[in-house]
Amino acid sequence: MAEDLYSQIEKSYNPQSLEQKWYKNWTEKKYYSSDNKSANKPFTIVIPPPNITGSLHIGHALNNTLQDIIIRYKRMKGYDCLWVPGTDHAGIATQMIVERELGKENLSKEDLGRERFIERVWKWKSQSGSQINNQLKRLGALPDWGKERFTLDEGLSDAVKKVFVDLYKEGLIYKDKRLVNWDVKLRTAVSDLEVDKRDVKGKLWYIKYRVEDSDLFITVATTRPETMLGDTAVAVHPKDKRYRKLVGKFVLLPLTDRKIQIIADEYSDPEKGSGAVKITPAHDFNDFEVGRRHGLEIIDIFDESAFLNSNAPKEYAGLSRFDARDKILNNLEELGLLEKEEDIIHVVPYGDRSGEIIEPRLTYQWYVDAKELARDALKAVEKGDIKFHPKYWENTYFEWMRNIEPWCISRQIWWGHQVPVWYGPDEQIFVELSEEAAHRAAKKHYGNDTELTQDSDVLDTWFSSGLWPFSTLGWPEKTQDFKKYYPTSVLITGFDIIFFWVARMIMMGIKFTGEVPFKDVYIHGLIRDEKGEKMSKTKGNVIDPLEIIDEYGADSLRFSLAAMASQGRDIKLSFSIIKGYRNFINKIWNASRFLMLNLEGYNPEFVYDKQKISIFDKWILTKLNNLIKETDTDFDNFDYDKVANKIYQFIWGDFCDWYIEITKSKLRSEDDTERQITQDLLVKVLTSSLQLMHPFTPFITEEIYNRLQQFRVSLKSVTGEITKSIVVSAYPTFNESEVFLKEYKYVEFLKQIVVSIRNIRAELGVMPAQRIKILIHPDSDKTHDLISDNKHFIYELAGVDSVEFTGDEKPKNCVTQVLSGVEIFVPVEGIIDLDSEISRINREVSKIDVDLKFIEDKLNNKKFIERAPKEIVEKEKNKFKELSDNKSRMLEVLKRLSEIN
RNA sequence: GAGCGCGUAGCUCAGGGGUAGAGCGCUUGCUUGACAUGCAAGAGGCCGCAGGUUCAAAUCCUGCCGUGCUCACCA
């Protein structure tokens, strides 16, 4: 049988053939399902909805790996887990894609008209919008696919309408005419957060404006000369002596026939430029405020694409803002009004979607009074109802929330939630949940049926995302899901969307449900390339998670990401890291392979006295249980990296390197009982390890468990039934009765002996295959017995075929290793190299001397004895004793060596 | 300009008041009946610098230097 198995179980793990099979199995069995009728405690996560135009990048891989890990863990812990998957409709991005498609057919969205265009977008969505979900499946992410939502689906749209209407009726949403960030390419307003401010090289031009009825000029400095056509004032600082006399006078605005006044305003900074600043209220946020203070005229010289309109002199109308600039500069030059130009680096706002320079534009838009909503949202975090991990992100949140500005939520695009606002013929506004309701309201207002037109704007996508934690659960209906799963348990996301999304969910959640949307926010880092640079398509340094999955398997990727995801740090990812963890995955495969090759005769019903197992068995059980205990703590603290690294250490460093090696002889034993106990413990430790690993590496653990079932190995679910899948098995729990501290220490001591012998062998250049004889001098009967009882351990692991004990008469022609508790002697064929042995031991003695000196200084320090805790003092004293003892034995060794001559 | 993070072995990073750890890399030796995606042994660090608190500082505090990020700023 073992022969067959040997060829049947591949020597290395091949993820490619297995992953899709298991994923399909899990979804068919619906292991992901939450059950809102179950009595089990809920554990809820809502996915940060990726946008439908997206494809899985490495950041998604990290984010969803972490969510999947915690969901799988909690599920195995017996929670009723709901992980809501879904996508957002990405208004601008999606519309851009479909418009591009139309462009290929030489069509514009206007050619189709709004209704048909939107139909077209839905069609696009049904064809291409599920790509990212399919990619999540490749990752192994197992959200509750039965509860998938889309920000534009019916239920969520109802939630959006209700929120808009309620906020409007409370005065927290309002329409206002003011400057907004206008994307001239997309021809829509965008919010402050969607503006990307970049340092760019530019010029500062100094332009002379002639003061009316005089020969004087006042010079203004500007980076945007084209806006001068919209100037309605020149401002100087009221305390600026240079200009004091000019305040109140008029200047003749060059290139136009207009006169504008010189005003005094503290906005003007005497240090900057010339100290006099042109004021263009229609095209600059600061100037707008100045204009408001002084009641200045507002002249908008641009159309919606930032071409000059008829408010500009004829000569310039129809030009783009850049062409207009050139022409104006030329003309000023000719007129001798261009005093000078300077090269400068200044900040220019770009649209984060279009990449075009944003133009401040005066329009009517819809705003949310964010300041008002922020109040409770701030309090929730201040009081600790919501905790950020790592905590310092709370500062970022506070900082933004305390300085929050009104949120412009309307967008002049078609794809999205059209605002539930209708206008009567006299511009009377009706904000209602439906068109019918608007008509009813209109009838009440006008006294008869009146034709209404709906506002054509749609809402910022983040407006609907802000409702995600509760809108996905059925709100505003009081559904069973909402009652059971809200507030959600934890939100896992990246810091880049704390403002965009997290803050808004907190505001909206508290406002509309009266409760925080989640209790914990886990913020993970950004994934960078191995040099620490941000990944970007233009740099060409992106790591495609799907390529990694193809090459190394999803488990390798997942484990790498989890192991690297320490809190508060970005992840520098490289192929060598992934390869390293791929090797670890293979290690588990081979440990399992070893077990399967040795399971003949395994009897799961075999009964034995759990106290009568060997010290090595007790040692591994102790290690295992400590691991389980720490795993729970680390999970509670969101320390996924710690869990992963500890499991790694346990499986490779403890289980494979030591325990499996110890069991090899026992599995070959003639003694049935010994063999069966060994099999049982191997099965127990391996399956527990697989379970501990499963949240991180779902595929390989499922595959191995399935293979193990052929050997009658079984796992139980939380309710105690045997389960076919590890996905729904019960996570290992800490068992105090499996912790054996005494035996644990014994084994650690024996391991030290083995390592010492290996060390001597390596130094002497003894071939691995060659067995050697050793002599041991134990310091006590107890130590003697421990070694004597476990000679086989030293035989098997240190390549020894004879251990003899010496009395006080110590052997001479030997290489000696002094440990606390024992001296180990390895007899050397012929004559030992005295010089090298003496110098080796001398080196060790001087090392000990350094330590001894250090401890001695401490112990001689009165204050240390007085003030340090007793245990510490005691510890230092013991250490001192132990080290001096070791030293004196080494000196004896040296003495004996010198006697050889 | 303001705020925040980071600086520990050649590299990537854990740790964190009681004289430092891992993985990779490196050196040496190994086809040891699970695994060369492996096994064994080893070298390698005044824990960025300077002060302070403390019996004790890589760890806490302050300053500085380096580095990264966020926010603000079209004169």
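Chain identifiers are assigned alphabetically (A, B, ...) following the order of the sequence lines, protein sequences preceding nucleic acid strands; residue numbering begins at 1 within each chain. Hydrogens, waters and symmetry mates are skipped; everything else that's a heavy atom, side chains included, is used.
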What's A/Y397 touching, base or sugar-phosphate or nothing? Going by heavy atoms closer than 4.0 Å. nothing
Could you measure between the two P atoms, the one in B/G15 and the one in B/G7, and give it in whole Å? 10 Å
Just checking, any donor-acceptor pair under 3.5 angstrom between side chains of A/K572 and A/S574? no
Please determine whether a side-chain nitrogen or oxygen atom of A/R569 lies at a distance below 4.0 Å from atom OP1 or OP2 of B/G7. yes
I'd like to know whether NZ of A/K646 has more than 12 heavy-atom contacts from other residues, nucleotides or ligands below 6.0 angstrom. yes
Is the distance from OP1 or OP2 of B/G42 to the nearest side-chain N or O of A/N759 less than 4.0 Å? yes
Mapping A/V850 and A/N14 to their closest nucleotides on RNA chain B, which lands nearer the 5' end? A/V850
Are A/F711 and A/Y602 an aromatic pair, judged by ring center distance below 6.0 Å? no
Under 4.0 Å, counting only non-hydrogen atoms across every strand here, what does A/S592 touch: a base, just sugar-phosphate, or nothing? nothing
Taking for each residue the nucleotide of RNA chain B with the nearest heavy atom, is it A/D851 or A/D639 whose nucleotide lies nearer the 5' end? A/D639
Which part of the nucleic acid, if any, lies within reach of A/E796 when heavy atoms closer than 4.0 Å are counted: base, sugar-phosphate only, or nothing? nothing
Show me, range against range, the stems involving RNA chain B, built from at least 3 consecutive Watson-Crick or G-U pairs below 3.5 Å. B:1-7 with B:65-71, B:10-13 with B:21-24, B:26-30 with B:38-42, B:48-52 with B:60-64
Passing candidate, ring pair (Phe, Tyr, Trp, His ring centres under 6.0 Å) with A/F388, options A/W393, A/Y397, A/F398: A/Y397
Please write out each protein N/O paired with an N/O of nucleotides 9-12 of chain B under 3.5 Å, distance rounded to 0.1 Å.
none

Taking the side chain as C-beta and beyond, is there a heavy-atom pair between A/Y13 and A/R593 under 4.5 Å? no
Please give the distance between the P atoms of B/G25 and B/G38 as a whole number of Å. 9 Å
Base, sugar-phosphate or nothing for A/L764? Non-hydrogen atoms, less than 4.0 Å. nothing
Gap in Å between the two C1' atoms, one belonging to B/G29 and one to B/A43, rounded: 15 Å
A/K587 near the nucleic acid: base, sugar-phosphate alone, or nothing, with a heavy-atom cut-off under 4.0 Å? base
Check whether A/N637 reaches the backbone of A/T633 with its side chain - one donor and one acceptor, N or O, closer than 3.5 Å. yes
side-chain hydrogen bond (donor to acceptor under 3.5 Å, both in side chains) pairs touching residues 873-884 of chain A, sequence neighbours excluded, are A/S820-A/E882
As a test of reading the structure: which of B/C73, B/A34, B/C4 is closest to the side chain of A/Y392, going by heavy atoms? B/C4
Using the salt bridge (charged side-chain N to carboxylate O under 4.0 Å, His left out) rule, take A/K201 and A/D343 through it: C-alpha gap first, then chi angles, then the decisive distance, then the call. CA-CA 7 Å; A/K201 275 187 205 161; A/D343 289 324; over 6 Å; no
Using a 4.0 Å heavy-atom cut-off, does A/V277 contact any base of the nucleic acid, only the sugar-phosphate backbone, or nothing at all? base
With heavy atoms under 4.0 Å as the rule, sort A/P349 into base, sugar-phosphate or nothing. base
What nucleotide, of B/G18, B/C39, B/C4, holds the atom closest to the side chain of A/N395? B/C4
Please give the distance between the P atoms of B/G1 and B/U54 as a whole number of Å. 36 Å
Taking atom C1' in both B/A9 and B/G44, compute the distance separating them and give it to the nearest angstrom. 6 Å
Phosphate oxygens OP1/OP2 of B/U37: is one of them under 4.0 Å from a side-chain N or O of A/R582? no
Donor-acceptor pair under 3.5 Å, A/K664 side chain vs B/A34 base: yes
Check this for me: does the side-chain of A/E876 come within 3.5 Å of the base of B/A56 through a donor and an acceptor? no
Check every atom of B/G15, B/C4, B/C74 against the side chain of A/K642 and return the nucleotide holding the closest atom. B/G15
Geometric class of the A/H524/A/Y522 ring pair [parallel <30°, tilted 30-60°, perpendicular >60°]: tilted
Spell out protein contact along nucleotides 23-30 of chain B as letters: B when the base is contacted, S when just the sugar-phosphate is, - when no protein heavy atom is under 4.0 Å; keep the 5' to 3' order. S------S
Quick one: is B/U19 close enough that its OP1 or OP2 comes under 4.0 Å of any side-chain N or O from A/K879? yes
Under 3.5 Å between N/O atoms: give me all the protein pairs with nucleotides 65-72 of chain B, atom names plus distance.
none

For the aromatic rings, using the six-membered ring if either is Trp, is the centroid distance between A/F696 and A/Y640 under 6.0 Å? no
State which residues pass side-chain contact (heavy atoms from CB on, under 4.5 Å) with A/K863; sequence neighbours excluded, sorted by chain then number. A/N861, A/R867
Which nucleotide wins on minimum distance to the side chain of A/N586, given the candidates B/C35, B/C73, B/C74? B/C35
Taking every heavy atom of A/S556 against every heavy atom of A/R582, the minimum-distance pair comes out as OG-CA, 3.3 Å
Only one of A/E339, A/K208, A/M228 passes side chain to side chain contact (heavy atoms under 4.5 Å, CB included) with A/L332; say which it is. A/M228
Mind checking if A/N598 touches a base, just sugar-phosphate, or nothing, with heavy atoms under 4.0 Å? nothing
A/W400 vs A/F499 aromatic rings, parallel, tilted or perpendicular, using cut-offs 30° and 60°? parallel
With side chains defined as the heavy atoms from C-beta onward, is the minimum distance between A/V220 and A/D231 less than 4.5 Å? no
Determine the interatomic distance between P on B/A57 and the same-named atom on B/G17; round to the nearest Å. 14 Å
Closest listed nucleotide, where the reference is the side chain of A/N590 and the choices are B/A34, B/U19, B/C74: B/A34
Sticking with atom C1', work out how far B/C11 lies from B/A50, rounded to a whole angstrom. 28 Å
Cationic tip of A/R198 within the cone over A/Y350's six-membered ring, i.e. under 6.0 Å and within 45° of the normal? yes
Do A/F650 and A/I620 have side chains that get closer than 4.5 Å, going by heavy atoms? yes
Base, sugar-phosphate or nothing for A/I498? Non-hydrogen atoms, less than 4.0 Å. nothing
